[in-house]
Structure formats: C-alpha cells, structure tokens
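Notes follow once the structure below has been shown.
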Amino acid sequence: MSKPTAGIFGLTGCAGDQLVILNCEDQLLDLVALIDIRDFLMAGSANDTGCDLDIAFVEGAVMSKRDEQALRRVRARARTLVAIGTCAVWGGVAATDESAPRDAWLEEVYGPTGADYDSLPARALHEVVQVDYQITGCPIEKDEFVSAVANLLNGDAPLLPQYAVCVECKFRECGCLLTERGEVCCGPMTVAGCNARCPALRIPCVGCRGPAADANFASATAMFTEGGVSPQDVARKLRTFAPQGVQQ
Amino acid sequence: MPSAIEAPVTDAVWSANPYQPHAARIVRIYNMVENNHLFTLRFVDEDIGLSFRHRPGQFAMLSIPGTGEAPISISSSPSRPGVLELCVRRAGRVTNALYRMKTNDLVGLRGPYGNGFPVTEIEGHDLLLAAGGLGMAPLRSLLWYALDNRDRFGRVTLMYGARTPADMLFREELVSLVDRTDMNCLLTVDTDPGSVWKNHVGLLPGLFDHAEIDASRTFAAVCGPPVVYKFILRKLLDLGFRKDRILMSLERRMKCGVGKCGHCSIGYKYTCLNGPIFTYWDAINLPEMI
Amino acid sequence: MKILKLRKDRLDFFASVVQQFGEVHAPVEVDGGYAFRRLSRWSEARLNYPRTILPPKKYFLPQRETLFRFVPEKGYVPSAEGLDTRIILFGMHACDIYSLNILDMVFGGAYPDPYYQARRKHIVIIGIDCIPDKHCFCRSMRADFVDHGFDLFFYDIGDYYLTMVGTALGDDMVLATGPLFEQPAEADVDEYKRRSSNKRAAFQLEVEIRDLPEIFEMEYQSGIWDELGEKCLSCGSCSMVCPTCYCYDVADSADLGTRDGARMRIWDSCLFSTHALVAGGENFRHSRASRIKFRFYHKQRGFVAEYGRPSCVGCGRCVAACPVKIDIVEVLERLRGVQHAVSH
Amino acid sequence: MSTTIRIEHLARVEGHGGVTVVVEDGAVSDVRFDVFEGARLVETLVRGRRYEDVSQILSRICAICSVAHALTSIKATERAFGVEVSPQTKALRDLLFRGENIESHALHLFFLALPDYLGYPSAVALAKDYPDAVKIALRLKQLGNTIQEVIGGRAVHPVNAIVGGFGRVPAEEQLISLREALLAGIADCRAAMDLLVTLPAADYCHTDTVFAALDSTGGYGYFHGDEVTIVANGRRTQIPGDAYLGFTNEKAVPHSHAKHSSYNGRPYMVGALARLTAHHDKLDARAHEVMARLGLTLPSRDPMDNNKAQAVELSADLHLALETVDQLLSSGVHDEPPVAFQPRAGTGTAITEAPRGILIHSYRYDDEGKIASADVITPTALNAASVEDHLRCSVRQAGTNETAELTKRLEMIVRAYDPCISCSVHLVRRRDAE
Ligand SMILES: Cc1cc2nc3c(=O)[nH]c(=O)nc-3n(C[C@H](O)[C@H](O)[C@H](O)COP(=O)(O)OP(=O)(O)OC[C@H]3O[C@@H](n4cnc5c(N)ncnc54)[C@H](O)[C@@H]3O)c2cc1C
Ligand code: SF4
Ligand code: SF4
Ligand code: SF4
C-alpha cells in the first residue's frame, strides 16, 4: 500500500500549530516515514503545490481573500481536511471582536494604505469550506495531533474529548480556582485535552481551546457577575479565543 | 516480609476477565440492505465457540481492534450453533471499521450479554413478532428459535414492515416463510417503487387485519423505531395484551455490557443486565425508557 | 473484633513500621486543598484534613486506565500494569471506606471486575476518625461509621487512638510493631463513647433519607430540575469528585503507524450530553435538566432499587466542588418541601 | 533589459511572504519584501482588556517568538504598574528566554537554513543522508522546548509567566532533570558545531551594516535591560528604551516606506549578529572560541553571518542556561507566589531580544488596569528595510544574471534574517490577492 499523502498549510495565524507539528521531535521521523508530506511550505522548499492529498491539515483563520482562495484550493485537493488550532476551528483571537471597526483600525495600525488591504474579518475554516475533522487548541497539543494522525491512518475518526477542562483538572487534583480562590477561570466552559495545563499551574484557564460541547455560557456569566466581574468583562473574557462558541 | 498479602492476584485479569474480547473470524459478509450487512462470525478458539451459548434477544460486544467496541444483537438463533450472525448497521466509528473488513479478517467478540427473551416463559404460548425497519435484527433470533422448536410454541405470527422492498432485512429468507403453513408470516412495505413486491403494501399496523391473535395466550415481541412502538403498543393494548407480555428490545449507549460503566442505566435498571428486553410494564415504571 | 489502642505520639513510629508493607499514601496539602499522594516523608501527611479533592476511588478505579494492549498477532492482551502494587492508604475517613464498600457491589456481582478486584486485594486501608464540617452529612446517609472494609481503623480518644483491627493483615501490621499497641482500658471505651456522641451532635447538616426514593418518583416532574438544569455548567466536577460515581467511558487508542493500541477506560459523567447519546444522534437525556435529575435520581432512587441503599455517602465533595453551588442537601430538602435546616 | 525575480512563497520561514526584485540593465530598480499575512489587528484587539489577559492575547502574534511576546508584554505591564519582581523570577525569566532562543535557533539553523547549504529542499530530505545530524538537531530543539515547558508551562504560548512572577515555580526535581538535559545538550551542540564548521561559505553580499541590540543587564541575555546599543561605522550609541520611537521611526509615515525603520536615515539589522556585534564582550572565552571556529569576525559585513551568530548563541545559551539552573539549585527554588501589586494608570515600554532581534511592547493603561493603547514593534518589521538593502546589494555584487542562482541567493539572504512574518504586524507592504 502506498503511503498516504498529506499537506500542511497555514492561513492567517501565528504558525503555532505548524510549529507544534515540528515540535513532535520524538515522532517526527516516524511521521514522515508513514505519511508522504508533499506540501509543507514552512518546513521545505520542494513542494508539490498541485497534487491530490489524502489529508490536509490547515492552520489559521480565513482573514483575506487570499486566504479564502488558498483554502478553497486545498479543499479541492484534499480527500480529508482537518482544521488544526483554535483559529482554524473557531476563528481564534483575531475573531474575538466581530463588532470591531476594521477599516478604522486598519488605518490606525497601517496608516492610510491600510484601507486598501486585502483584509476580512476572521472566519473559521468551516465557515468557508466543508471541514472533516477539527483538532482544537491554541496551539494544538502534540499528543492529540499524533493520536489523531494514528486514527486517521487507521481510517478512523480522531477521538477527542468533548468535556470540560474541569474534568482533567479534577483528574490531576488541582485546587479549584473558582471555588477556592474566586478567580475567573474558564475551565468549565472550555474543552479539555490540555490536561488542565493552566489550573495545574494555579493560573485561571483563559479558554484557549474553545468551548466544551456542553458549555453553559449563560450560567457561567451569571456566576462571574455575581462574583463581581462586570458583564462586559465577562463577555470579553469568554469570547477571547472562540467568540462563535459563545454565540452558539 | 511480614505480610499477609497473598501472592499476585492479577492472574484474574487473564483468566476471568469479563472484558476480554475473543478473536472471531469473519466467514461471510452478506449485503442485505445498503449499509445493513449481515456478518457471519466464527470464534477462532473452538472451545470458546462451544461455550458461547446465547438466548434469543441477547447481544454481544463486537471489537474492532484499535477502533473500539459496540454492542450488537445476535441475529442468529441458538438452535443453529457454530457461527454467529450479526446484522450491523453502519452508524459510526466501530461499524464503519467493520465495513472496511473483509472475509477472513479477525474481530473481537465477547458475550453473550443481557437477559434475552424469556423463552421458557413464552414456550407453550402463542408468539407474535412485530418489527419495523431495523427492528428485525434482534427478533430474527427469536423467530428461528421458535421455528426450530416449533412444537414448543402455539401459533407463531410475524409482522414486519419496511419502507420499500429494498429496505427489508432478511428479505429472501422471510419471503420464503410466507408459504409456510406452520406460521403466519406477514410482510409489508410502505411503498413499492419497483412494483416487484408480491406481499402487502401499507403501514405495519394494517397487518393486524390479516392475523388471528388471541391476546390471552400470546406473548408479543416488538422492536423498531419509536413510531412502531407508538402504534403497535396501542394496538396490542386494544387487543387486551397483558402489559408484562409485551416485550421490547431497547438500545442504549453501552461501554461494558456487564453493568459497570453506567451508560445504559435507565433510572434503576441496566439495559445490559436487566435488558435489553423489557416489558411494557417496565416501560411504564421506568422514566425515560422509550 | 480485636480492639487495641495506640499512643498518639507513637503514630509516627507505627507509620515507619507500616512502610515495609507497601507504599504509604496519605492526604497531603495541595494548593489549599488535600489529596492522597505517595508520601516522601511521613511529616507531609495531614491526618486532620476535612476531605480530599478526589476520593480514594482513584486508587481502585483510576482516572485513566489501560484495560488491554492490542497487538495484531496476539489480539487484546490484558494489562496488569500496576495491579500488584501494594499501597497503604493511611488516613481514610469512614465515609470514603463506606463508598468503597458500595463500589464493591458494583464491581463485584455476576461479572466481577478483575482490575478493581485486584487493586482491592492489594490496597491496605487504615481508617481514621474525623470531625464533620459544614458540608458533611454522612451521618444522614448512614455512612459516618463503617464496620468493615478496612484493615485498621483509628478512633481519636485523646492521648490514644482506639484501634479496630479489621483484617488479618491489619493484625500483622500491629504485631510487626512489637509491643507498641496496648490493651484498652474501660476508661478508654468510655472516652470513645463520649466522643462518638459528641461527633453525632457536631453535624451541621441533616437530611431525612427514608422514603426518598418515593419522593423522587413523586417529584419526577418537579420544576426544580429545570431550575438546576439552567444553572448546571455540565462541568462534571461533581461526578469526578464523588466517591461513588463510577461511570466510565471506554475508548481504543491507536499507536502511530501500526494497528497496535490500547483499550482505555476513563472516568465519565452522566452530566455530559454524550453520556446517553447513541449512534445516529438519538439522545435519551438531551436536556441539561434531565441529566442533573438523572444524577440525583440514580444515586438516591435507582441505586436503592438495585443495591438496597443510596449511592451517596454524604461526603460533601460535590457541594464543595460545584462552581455554581448546586447543593445536594438543599435539593433533597427542597424536594421534601422543607427549608434548608441547620440542626441544633 | 528588465528582469523580475519573484519568489512567490518564501519556504522555510515562518509566515507568508515573498520577494520581488526588478533588475534593469544589471542594476536593481525595485526590491520588495512582501507580506501576505492577513491583518489580525491584535494591538487594537487588546484595547479595553484587563492586564492579566494581555500577554496571553499578544503572545498569539507569533508562535516561534511567543515567549518573547508574552514576557515582553509582562515586562511592559510591570513597568506601567511599577512592579518589581523577585531575583528568582528574574532568573527564571532569563532562563525561559534562553529556552526559546535555543529552540528557535536550532529550528532555524538546522531545519530552515542548513538544507540550503547542503543542497536539500528540507531537513526531512536531509535526514536521509545526515540522519545523525538531524537527530542531534531534533534533540537540541527539544531541549529548548523542554526549558520552555518546565518554566513556561508550554513550549508554544507559555502560560506560567504572569505579571509579578510565575503561577507555579518549577520544582527542584524538574530543574535537576533540566540540568541533566542541558549537559547532554552541550555535548550535542559540540557535535553539531563540527558539522557547521564544514559548511561551504555563502557570502553573497558585503556591505557596511548598522546593528542594533538590547544592552542586556546581568550578562549576555535577552530579557533584562532597557537601553539599546546601536553600532554604526564602529561607533556605539546608547538609546534609552522609552525613546524607542526615535530609532524605530514608527509613526513617521512617508507613504511607501512607512514603518520601515531606520537610524539616522540608515536601515539597521537586529538579531543574533547584531547582539554579538554589540555585546560579544559579555560572552566568555568559550563562546569566542566557537566564534573563531566558525570563522566569524566582528563587525561583520555579511548578513549571512547571522547564521553563524545564531550558532554561537546556541552554544553560549546552553552554558548560560546551565549556569542559571545551577544558581537556582544552589540558592534553592522557592514556590513563591507572584508579587502583589495594584494596577494603575500609566505607560510602560519594554524592550527585549526575541530570537530574531529587538522586540518592543509599549502600553498605556487606564486606572482600572485595562489597556488604553498598545504598540508592538517586532524584529522582522525592524529588519525589513535592512533585508531589502541587502537584497539590493547582493544583486549588485552577484556578477551573474542567472535567475535560478540569484533566486537561491536572495532566498538564502532573507532566510538568514530568520524572519518571522506572522510577527511583522507592522509591515506595510502587503500585496493583495491576485
Ligand atoms: C443491546 C444493543 C443491541 C444492539 N444491536 C444492534 C444490532 O444488532 N445491529 C446494529 O447495527 N446496531 C445495534 N446496536 C446499536 C449499536 O451498538 C450502535 O449503533 C453503536 O453505537 C455503533 O457503534 P459505532 O462505533 O459504529 O458508532 P458511534 O456511535 O460513532 O460510536 C460511538 C462510539 O465511538 C466512541 N466515540 C465516539 N465519539 C467519541 C468521543 N467524542 N469521545 C469518546 N468516545 C467517542 C465511543 O466509544 C462510542 O461508543 C445495538 C445496541 C444495543 C445497546
Ligand atoms: S487550561 Fe485553558 S487556557 Fe490553559 S491550555 Fe487548557 S484550555 Fe488553554
Ligand atoms: S453525591 Fe456528593 S455528597 Fe454524595 S457521595 Fe457523591 S460527592 Fe459525596
Ligand atoms: S459540579 Fe455543579 S455545575 Fe458542575 S456538573 Fe456538577 S452540578 Fe453541574
């Protein structure tokens, strides 16, 4: 059986998810032995930019016409398209404020030429093309990526948790930042998979992985406002990485 | 060491492990209906095959190595031992993986689990089997059990409805029963697009007009989608069936099959231990059952 | 039962002797809370803790556990990883021991769970007396006292621990200390009784559990459930910290590049919408209200029908852990239609 | 005759950029370093956000420099609030920065730049013929990541560093195993140097270059300190950080060159080579020995030397990180909470050295501790003018019209800068979608 072909692509983002792939130091050589990575601009210069792909991993949000075209091209080439990272899955930090006056901001940051930029409000991949699987995380977790690849190679859908960060926080028996310290921790609304990284360091979760399947934003907002945080600040906080999730 | 702890007891996970799947070989894959194939399996280890004795209505846990496990009813009758037949609908991870397998491939199987139909109680009575759509899968075992032990049952009636002839599970097999004189096999389809169907056309409850049923001496086994329950149950109650003689096979999420994982719990019953066959009286008592 | 006593200031010595029977694990402080951890020094142990974040069920039914390794040529090979480890849980409270006795029923029965059973046989339990705090209602749940399920149990009687010897192994531990343990005097027994009745009075919470199953049936349609459903975050904390919540998920994980892998079981919770979801999208407990109702119903009514008693031991963990302060005692009392009452 | 050399998509760099060079009669008539990143407007997005979220949001500007962004952000906030952190925190931050530098340099040197020198399209292709070298490189990269994980809680977008200190200080055992890893890393690095010294020369451009680097306090480092040293024609100038607008020319907007930074009208280079040029005297003899082995003489007139400078830093960082770990272990690590402080209105500017050069975060806070305005200036933006200058110079000096060869050289020069295009939040020249 010939090796499945794959491409790794980045739209507008921080390249963190591609970097995490390169950070799989222990598995990298196995990975390239198992899949034929034909198109990975960040890591190589001899890319086949037109071939069909069994799997395409796409990072970043769609933030320009150029991104949109690139994504459509990748979709047309790929049998399976996997969104990697919170930007690709939910829009990410750049999507946090959809009511932002973009034109004014562009001009403010880039000067008078800003207005001419090819710039669109951030969208997640699934808003533009059909996405087969989503691996969230800002950035994605190495383990989740590697096991998702293992599943995909077997022909199975990746198995990813849908429950909240609290579950893993309890697994690790960390002190609860909400009940014990009254902090604004987004753990109950945020999907697990990071092994409760932040609470384990006594740092409140900022929700970088996007919402858990059963997130109850209305109740969470009430909980935080009762704790003395202004509704506006709560809304901002909950929207930081995945504003779409809050709307749902 | 001054210790009263005995020697390693972890042997138990080797010898008496209820979660242990046993290798079984796919001996036949039969494409009955689109995305509803009949898989015939045989245990690799003959002893395990011999000791696997199920009752109609029981289920097994099917493992696809590396992918996962799912509960599947045993569609073959214990009266026809040697192989097990599973009628599997392609629904998700495990079943997709099964559909990728070929004859001679190995899967894992453990069981049988669940209460099954109370055959000894039913024996000596008439039997009515009513199935809609995919509900035929768990009833087929009971059907053949009754036919193979014909003398132990009174009147045997099967009512089975599918959307079209192409959607009918076990179609050839069941059509061949229509002419049998020792049972009443009533088959219907909602519509017959190809005009090839020689049996009834119309909704399932309509078949009651063609059946002779004496509620006082009959057990009914019902399985199908929620609408089937809705109409058939009403009909059966109208006919005067006792609530504890109406038997239903339920589906729940299941992870262990042996009453541990908690997923199939319905209030205070486990579908895997106390079910999957429940009576209508159970259903009235158990909230959220159907 | 064999009853002895141990001078409190000799507990350290006893602990040092006990080490030769296995790894000593006891509650230690973590970020203001407590957790059972392996001790590196006896001085880390905090025996007068209110409750640990996770109950000791994590030793018997680990958060994540490999049931089988899968290798294509060999099929599913059971994993015995860690099952033989001899662990001494030093300082378990009565309610937690009681919860294990409850789990014994679930993981025993017609299909005994060999993983749980192996650990149960290998893990030594040394119980210790406790003082109820504002979340404890184990007395109402009849779990403030255990008569079995431990190897040793220490009751505080002032300068001494009155020691119940529950098993032959417990007795071996006692004997291994030489003459450390003494015979209790009548005065010691009197002191035990006095403290026992003081403890009874120290409970700030009380719930009536008689006919609770019936009340659950009567209140099945109560508006309380919708109210709780709106509030619940579905975070699952209550299930994770509950000593008697045993729901688990099973999933196969695949190794990269082979069809090798592992079958894992992982704690699950009925508060998650995936709990009763079946293939094809049908969900028997789609609404949050139906899920939180199910948690209470299963514990206080369903379990009674299955196993003869509620599967709650009144440890108060779920109350302490719930970010939106959903309080089981309050819920039970509201179901009964009485106000939250504080006795004495 | 006019030729246009266009590199549509720069490969083996972070982010999306291209290069266009128009050559007319052997002279360069136009050079453009194009950036195609969508505009994320992160500086405006943090407006109104409370201080505790700012470093988390701004670290997302770039993954490879995420420690630099997060900690520079924290430094700016601490300046604004007047927070003074503990010596232990300072040491840990220093170490965290070094971890990022090790990872980033290992990635750049071996995975992005090295394939050019040896004529391979990627490190994966290279691994077939140089398996050991690639494994060593992977280990060095991993070591950098491990440091970031142990101190920062995550290799990309650290979470443990916060205003006032750390969420949880790493435990002694973690530092002890880090120590072992560093010792192994030092041996690995030595082996890697043996390969690097054999590489063919790649000098495609010689010209006077102006350099700018943070004058780090407490030795050769990347985080502490507030003054910038500029080296031009052998003259050194010190500029206080608060006056950063004076040398970044940030707000002057002559249309096409907006935000291309210059000092006294000349473009300047930031990054490893600039740091070494300005502050190699802070490094010990061992580092100078490495410099000598690699044939790096300062001041350099060749931008490709930035690769060598990274190699020198990589080696030095391993030793310096080990020193810091030893110092932490000997003083004993304390699980101290972050220092307490009161958010207040004010401004704070922080200058640090990201792996690819000077990074500036400057904030104004309102009295609720929320961002009123934020300004971020990244090394890639600072370098942009210098990159173009060097491209122009290399075409001039090339002595060839062979497009393929020229293209390769141009790519290598851009790559030598180790640009981080996601970082270039400010780069103005962007091309619209065709
Ligand atoms: C008693 C009984 C008898 C049955 N008989 C039959 C029968 O005869 N024929 C038939 O076709 N069907 C039968 N079913 C139904 C069958 O078991 C389901 O269709 C089954 O879910 C199919 O499994 P699947 O993996 O293909 O589907 P999926 O629902 O996709 O798989 C679900 C499984 O995938 C895993 N999974 C998916 N997503 C996640 C996630 N996010 N996190 C963790 N794990 C995840 C879980 O292990 C889960 O159990 C029966 C069910 C029961 C209870
Ligand atoms: S705890 Fe929250 S913020 Fe931290 S890594 Fe996990 S999801 Fe992201
Ligand atoms: S339900 Fe709550 S109080 Fe009862 S045993 Fe579980 S955690 Fe403890
Ligand atoms: S802890 Fe509270 S909020 Fe979380 S699932 Fe349980 S009841 Fe709901």
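Naming convention: chains lettered A, B, ... in sequence-line order (proteins, then strands); numbering from 1 in each chain. Small disclaimer: the values here were computed from a predicted structure and weren't measured.
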Discussion item. Shorter than 4.5 Å, heavy atoms on both sides: which option in D:Pro337, D:Gly167, D:Ser122 has the most such pairs with chain A?
Written reply: D:Gly167
Worksheet item: So which part of D:Val159 gets closer than 4.5 Å to some heavy atom of chain A, the side chain, the backbone, both or neither?
Response: both
Worksheet item: Given that the side chain runs from C-beta out, which part of D:Asn145 has a heavy atom under 4.5 Å from chain A: side chain, backbone, both or neither?
Response: side chain
Worksheet, complete the sentence: Between A:Val184 and A:Pro204, the two heavy atoms sitting closest are O-CB, 3.4 Å
Discussion item. Using heavy-atom distances under 4.5 Å, tell me whether A:Leu201 contacts chain D through its side chain, its backbone, both, or neither.
Written reply: both
Fill in: Salt bridge present between D:Arg49 and D:Asp53 (N-O < 4.0 angstrom)
yes
Item to complete: Using non-hydrogen atoms and a 4.5 Å limit, figure out which bit of D:Glu149 sits close to chain A: side chain, backbone, both or neither.
Response: side chain
Worksheet item: Given that the side chain runs from C-beta out, which part of D:Arg139 has a heavy atom under 4.5 Å from chain A: side chain, backbone, both or neither?
Response: neither
Practice prompt. Of all the heavy-atom pairs spanning D:Leu126 and D:Tyr120, show the shortest one and how long it is.
Written response: CD1-CD1, 3.3 Å
Worksheet item: Does any heavy atom of chain D fall under 4.5 Å from the side chain of A:Asp17, the backbone, both, or neither of them?
Response: neither
Discussion item. Using a 4.5 angstrom heavy-atom cutoff, name the option from D:Lys135, D:Glu103, D:Gln142 with the most pairs to chain A.
Written reply: D:Gln142
Discussion item. Measuring only between side-chain heavy atoms, which start at C-beta, is D:Arg154 closer than 4.5 Å to A:Arg197?
Written reply: yes
Discussion item. How close do D:Thr380 and D:Arg356 get, counting heavy atoms only, and between which atoms?
Written reply: OG1-CD, 4.2 Å
Worksheet, complete the sentence: Okay, D:Ile162 and chain A: the region with an atom under 4.5 Å from a heavy atom over there is side chain
Worksheet item: Do the side chains of D:Arg60 and A:Phe241 get nearer than 4.5 Å, heavy atoms only?
Response: yes
Response to the item:
If one checks every heavy atom of A:Leu22 against chain D at 4.5 Å, the contacting part turns out to be both
Response to the item:
Ranked by heavy-atom pairs below 4.5 Å to chain D, first place among A:Ala200, A:Cys138, A:Gly92, A:Cys208 goes to A:Cys138
Worksheet item: Are A:Phe9 and A:Phe40 close enough that their ring centers fall under 6.0 Å?
Response: no
Discussion item. Quick check on A:Lys142 against chain D: is it the side chain, the backbone, both or neither that has a heavy atom closer than 4.5 Å?
Written reply: side chain
Fill in: When D:Arg50, D:Arg168, D:Gln56, D:Glu52 are compared by non-hydrogen pairs under 4.5 Å with chain A, the top option
D:Arg168
Item to complete: Determine whether more than 12 heavy atoms belonging to other residues, nucleotides or ligands lie under 6.0 Å from atom CZ of D:Arg364.
Response: no
Practice prompt. Quick one: closest heavy-atom pair of D:Val67 and D:Glu100, and the distance?
Written response: N-OE2, 2.7 Å
